[in-house]
Amino acid sequence: MTKEEVQGVEEEQQAQSKKALKKQQKEAEKAAKKAEKQAKLAAEQQSTEEDDFAKDRYGVSAMVQSQQKLDRALVRVQDLTPEKADQLIWLRARVHTSRAKGKQCFLVLRQQQFNVQALVAVGDRASKQMVKFAANITKESIVDVEASVRKVEQKIESCSQQDVELHIERIFVISQAEPRLPLQLEDAVRPDGEGEEEGRATVNQDTKLDNRVIDLRTTTSQAIFRLQSGVCQLFRDTLTKKGFVEIQTPKIISAASEGGANVFTVSYFKTSAYLAQSPQLYKQMCICADFDKVFCVGPVFRAEDSNTHRHLTEFVGLDIELAFNYHYHEVIDSITDTMVQIFKGLRDNFQTEIQTVNKQFPSEPFKFLEPTLRLEYIEAVAMLRAAGVEMGDEDDLSTPNEKLLGRLVKEKYDTDFYVLDKYPLAVRPFYTMPDPNNPKYSNSYDMFMRGEEILSGAQRIHDAQLLTERAIHHQIDLEKIKAYIDSFRYGAPPHGGGGIGLERVCMLYLGLHNVRQTSMFPRDPKRLTP
């Protein structure tokens, strides 16, 4: 190695050692600064804890394991009105939103479909630390708050309780939500068009259904299912007043109820059974057993591979069956009157829910007539032909034609609810009574809401001989329905009835466009969870 090369290496080593020295110095400075910062933070923390006069007025509560019985009345959000002004109350609710602003934090507290604005502000009841704590509570967490109710001069448009707000004095987290929610509630209730215009997010239906527990918390879902509960209650109350008896029927049966192929087969010990497509046969057996008028509310199963806006593989059936004296129109009148009582009850007692749903899904108020409009099938065919539809006298109505007929009826009679009577016999089940004056037609009917079918019904054949003939005509294995036919061998009153789909009634009454919105945990060919 030459003298110059040796000198070059030495210079390089010196430069490297200088660099290393500088690096070490920098790291030492960095470490010293970090230590100083941590010491400062620790000192601040200590002084903060010492200075926090409100530290007992907020925090995360121990898990409620029924450790104690507190003599504490909790007020409902919907009851927070100006009459409660200046009262100190306790309340349990979810944190819907929170927004910190300087020395105060605004919260919106939600309970089902009702919400109220609340304020935590630095003062003699709340410290800076308490405000910071409130601002950091995750959305959807459940909190207990003690607060003073205050009237507000300007209405709070964004809340259901517009005339009051809460001034929080204590706040405790009862159950903490994870910081990352699978969907935002305000996105899930945003009307579709509004989201697109403002570039804000909306939530698609599959995401809502995959995260149904969160989606059911929205004001819209809360309103839908409270109204649905009302439909069931009104159905039961109306029929009970009319002298009907509520019955419970088996859902595991030995033969397909409707005689068709759309049944779910289940293994039943060493043989197979089916899930009931309808409580039809059992309702009729009860009429033969002198119960006179019966109804039931329960699940109905249909193995139809239909991925439409109105089909489910499991839905709730509201079923009616009753004996009549001389004409099956007695049955139609009883069912239509029941439906009218339901519509009136919803109109008079569920306006809050209807308006809540309308905010996200605007629709025209539901219209109905008293007495209910009844059209014969041939009249409907004539109306459709006049509107340019080509169809035969005995053709079944297609879905588009049902909807068109609904629009035509609305234009002509101004009603969203009507009955279509005297269907062609060829398109009805084997147990349907033929029309005595025209063998091509039958004593059967459908009921429609906003142009979609919600009930299918008929006078049933109550004579064992005629029933056997019709079953053979439909190529049904007589052995499988022997118990059903035998029910009519020992004297059976003339009777009829029908089955209503609960989810469809709610969907159409509210003017919604998908039955999955009115099914709490829907089942369709592609969905088996949650």
Side-chain angles (χ1 to χ4, degrees), residues 48 51-62 64 67-177 185-186 217-219 222-223 226 349 351-353 355-356 359:
T48 297
D51 296 348
D52 188 1
F53 64 88
K55 61 177 180 286
D56 297 331
R57 307 181 75 82
Y58 66 92
V60 177
S61 291
V64 176
Q67 300 94 322
Q68 55 184 336
K69 293 180 181 178
L70 284 182
D71 186 20
R72 180 191 289 168
L74 296 176
V75 173
R76 308 288 298 164
V77 168
Q78 70 193 87
D79 298 331
L80 293 173
T81 56
E83 286 73 45
K84 283 200 164 42
D86 303 321
Q87 288 182 25
L88 195 62
I89 56 110
W90 276 96
L91 173 88
R92 179 168 293 176
R94 286 189 187 274
V95 174
H96 185 59
T97 57
S98 66
R99 180 170 51 90
K101 195 178 176 185
K103 291 184 175 183
Q104 54 189 20
C105 173
F106 287 95
L107 302 168
V108 172
L109 300 177
R110 191 187 78 248
Q111 204 176 63
Q112 294 152 1
Q113 68 216 77
F114 304 98
N115 53 18
V116 66
Q117 181 171 286
L119 172 69
V120 190
V122 173
D124 58 351
R125 312 297 282 169
S127 60
K128 274 193 298 186
Q129 297 86 335
M130 181 168 164
V131 172
K132 191 178 176 186
F133 172 82
N136 287 323
I137 298 172
T138 50
K139 276 199 224 181
E140 293 304 296
S141 293
I142 298 172
V143 293
D144 274 2
V145 300
E146 185 185 38
S148 175
V149 183
R150 300 285 167 86
K151 275 189 197 174
V152 290
E153 287 174 16
Q154 220 175 349
K155 279 186 182 293
I156 302 163
E157 299 291 346
S158 58
C159 292
S160 66
Q161 309 314 102
Q162 300 191 343
D163 301 312
V164 295
E165 71 176 6
L166 300 178
H167 287 211
I168 293 175
E169 298 192 2
R170 296 172 193 267
I171 182 163
F172 297 99
V173 175
I174 298 299
S175 177
Q176 207 157 8
L185 271 77
E186 53 268 35
R217 293 178 190 174
T218 63
T219 49
Q222 287 282 320
R226 283 165 199 284
N349 304 314
Q351 273 310 314
T352 303
E353 286 75 10
Q355 297 311 322
T356 300
K359 279 178 198 164

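All residue numbers in this chain count up from 1 along the given sequence. Scope of the values below: all heavy atoms of this structure, side chains included, with no hydrogens, waters or symmetry mates.
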With side chains defined as the heavy atoms from C-beta onward, is the minimum distance between [X] and [Y] less than 4.5 Å?
| X | Y | result |
| --- | --- | --- |
| Gln112 | Arg76 | yes |
| Val173 | Ile137 | yes |
| Arg72 | Asp144 | yes |
| Leu185 | Glu140 | yes |
| Asp163 | Lys155 | yes |
| Asp86 | Arg150 | yes |
| Lys128 | Lys132 | no |
| Lys69 | Asp71 | no |

[X] to [Y] - nearest heavy-atom pair and separation:
| X | Y | answer |
| --- | --- | --- |
| Leu107 | Ser98 | CD2-CB, 3.2 Å |
| Gln162 | Glu157 | NE2-O, 3.6 Å |
| Leu91 | Val75 | CD1-O, 3.0 Å |
| Glu169 | Ser148 | OE2-CB, 4.3 Å |
| Arg170 | Asp56 | NH1-O, 4.2 Å |
| Arg110 | Ala93 | O-CB, 3.4 Å |

Can you confirm whether more than 12 heavy atoms, excluding those of Gln67, are under 6.0 Å from its CD atom?
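Enclosed.
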Pairwise distance [atom1]([X]) to [atom2]([Y]) - rounded to 0.5 angstrom:
| X | Y | atom1 | atom2 | answer |
| --- | --- | --- | --- | --- |
| Arg57 | Met130 | CZ | CE | 6.5 Å |
| Gln161 | Thr81 | CD | OG1 | 8.0 Å |
| Ile89 | Asp79 | CD1 | CG | 10.0 Å |
| Asn136 | Ser141 | CG | OG | 11.0 Å |
| Asn115 | His96 | CG | NE2 | 6.0 Å |
| Glu83 | Lys151 | CD | NZ | 8.0 Å |

Short question: side chain of Gln104, backbone of Leu119 - any donor-acceptor pair under 3.5 Å?
no
Donor-acceptor under 3.5 Å (Ser127 side chain, Phe53 main chain):
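Checked: no pair found.
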Between Ile174 and Val143, does the side chain to side chain contact (heavy atoms under 4.5 Å, CB included) criterion hold? Intermediate values first, please.
CA-CA 5 Å; Ile174 298 299; Val143 293; 5.8 Å; no
On the 0 to 90° scale, with breaks at 30° and 60°, tag the Tyr58-Phe133 ring pair as parallel, tilted or perpendicular.
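Geometry flag for Phe133 against Tyr58: tilted rings.
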Ile142 vs Arg92, test: side chain to side chain contact (heavy atoms under 4.5 Å, CB included). Steps then yes/no.
CA-CA 7 Å; Ile142 298 172; Arg92 179 168 293 176; 3.7 Å; yes
Go through it in stages, so that I can follow the logic: the residues are Val116 and Leu166, the test is side chain to side chain contact (heavy atoms under 4.5 Å, CB included), and I'd like the CA-CA distance, side-chain angles, deciding distance and then a yes or no.
CA-CA 8 Å; Val116 66; Leu166 300 178; 3.9 Å; yes
Please determine whether side chain to side chain contact (heavy atoms under 4.5 Å, CB included) holds for the pair Gln113 and Glu353, giving the CA-CA distance in whole Å, both sets of side-chain angles, and the decisive distance to 0.1 Å.
CA-CA 9 Å; Gln113 68 216 77; Glu353 286 75 10; 3.4 Å; yes
